[in-house]
Amino acid sequence: MSVEPVSSSLLVLQQVLDSMPPVRAMQLRLEGYADGQLQLTAPLAVNVNDKGNAFGGSLASAMTLSGWALVTLRLRLAGFEAEVYVADSQLRYRAPVYGDLHAQAQIDPDSDWDTFLSTFKQRGKARIGVVAVQPGTDGKPAAELSGRFVAFAKG
């Protein structure tokens, strides 16, 4: 993958995120994609709860949207236009977050991009496992999401 298609695809995905009022209010920003991992950030100031730390719903949204963006990006880079949805997910909140949100998504270790993309090409739909984390302290995640995302061909 060259840098230009990734950069331009991330710009398009950022525009999609910005077009959704709740997401725009969270001020989510796609920060990059490297080594199979997509990163997004959001400022704590607009995602804070009554205790002064990150609102759990914002953490869940950031991790879910990082998974959505990861799958959508990989499909775009492979030349496919698709509608991507989260099919199901599980969340674990392990520690409060007192700083900005930094969701990091990658495919589940039991999943494979080649299989996903091949299935999508053959059937016009496919699903893949994704894991996302909000880093915490001491190298431990503050929150974790594991989920399945599905893609359907447009048109």
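- When all heavy atoms of Leu70 and Gly36 are compared, the pair lying nearest together is CD1-O, 4.0 Å.
- One N or O on the side chain of Gln14 and one on the backbone of Leu30 form a donor-acceptor pair closer than 3.5 Å.
- At least one donor-acceptor pair under 3.5 Å links the side chain of Tyr93 to the backbone N or O of Gly56.
- A donor-acceptor contact shorter than 3.5 Å links the side chain of Thr119 to the backbone of Thr115.
- Here the side chains of Pro43 and Val46 are in contact, with some heavy-atom distance below 4.5 Å.
- When hydrophobic clusters are built by joining Ile, Leu, Val, Met, Phe, Trp and Tyr residues whose side-chain heavy atoms come closer than 4.5 Å, directly or via intermediates, Val84 is grouped together with Val23.
- Asn53 places no side-chain N or O within donor-acceptor distance of the main-chain N or O of Asn49, the cut-off being under 3.5 Å.
- With rounding to the nearest 0.5 angstrom, the OG atom of Ser61 is 10.0 Å from the CE atom of Met20.
- Side-chain atoms of Ser9 do not come within 3.5 Å of backbone N or O of Val6 as any donor-acceptor pair.
- Here Leu17 contributes atom CG and Gln27 contributes atom CD; the two are 13.0 Å apart, rounded to the nearest 0.5 Å.
- Contact annotation: the side chain of Ser118 never approaches that of Phe116 to less than 4.5 Å [non-hydrogen atoms, C-beta and beyond].
- Among residues two or more places apart in sequence or in another chain, the salt bridge (Lys or Arg N to Asp or Glu O under 4.0 Å) test is passed with Asp88 by Arg148.
- Taking hydrophobic clusters as Ile, Leu, Val, Met, Phe, Trp and Tyr residues chained together by side-chain heavy-atom distances below 4.5 Å, Val16 shares a cluster with Leu10.
- Screening Leu65, Leu101, Asp18 for a side chain to side chain contact (heavy atoms under 4.5 Å, CB included) involving Leu28 leaves a single residue, Leu65.
- The OG1 atom of Thr41 sits 3.5 Å away from the CD atom of Glu31 when rounded to the nearest 0.5 Å.
- The aromatic ring centroids of Phe149 and Tyr85 lie 6.0 Å or more from each other.
- Clustering ILVMFWY residues whenever any of their side-chain heavy atoms sit less than 4.5 angstrom apart, transitively, puts Leu13 in a cluster other than the one holding Phe152.
- Residue Leu40 is not grouped with residue Leu59 when hydrophobic side chains (ILVMFWY) are merged at heavy-atom distances under 4.5 angstrom, including chains of intermediate members.
- Among all heavy-atom pairs drawn from Ala103 and Ala62, the shortest one is CB-O, 3.6 Å.
- Within the 4.5 Å cutoff, side-chain heavy atoms of Val86 are placed close to those of Thr64.
- Side chain to side chain, Gln37 and Gln39 meet the donor-acceptor criterion of an N or O pair below 3.5 Å.
- Expressed to the nearest 0.5 Å, how far CZ of Arg74 lies from CG of Leu117 amounts to 6.5 Å.
- Both Phe80 and Val71 sit in one connected hydrophobic cluster of ILVMFWY residues. Membership requires side-chain heavy atoms under 4.5 Å apart, directly or through other members.
- Annotation: side chain of Leu73 is not in contact with side chain of Trp68 (no heavy-atom distance under 4.5 Å).
- Considering all non-hydrogen atoms of both residues, Phe120 and Ala82 come closest at CZ-CB, 3.6 Å.
- Using modelled atom types, one side-chain atom of Asn47 and one backbone atom of Met26 make a donor-acceptor pair closer than 3.5 Å.
- Side-chain contact check for Gln104 versus Leu38: every heavy-atom pair is 4.5 Å or farther apart.
- Atom CD of Gln15 has more than 12 heavy atoms from other residues, nucleotides or ligands within 6.0 Å.
- Taking Asp108 as the reference, nothing meets the salt bridge (Lys or Arg N to Asp or Glu O under 4.0 Å) condition, with sequence neighbours excluded.
- Taking a 6.0 Å sphere around CZ of Arg92, one finds it holds 12 or fewer heavy atoms contributed by other residues, nucleotides or ligands.
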Could you pull out every donor-acceptor pair under 3.5 Å between side chains of residues 123-144 and any protein atom, sequence neighbours left out?
from	atom 1	to	atom 2	distance (Å)
Gln134	OE1	His102	N	2.7
Glu144	OE1	Arg94	NE	2.5
Glu144	OE1	Arg94	NH2	2.9

Phe55 vs Asp50, side-chain contact (heavy atoms from CB on, under 4.5 Å): CA-CA, chis, key distance, verdict: CA-CA 8 Å; Phe55 175 60; Asp50 60 320; over 6 Å; no
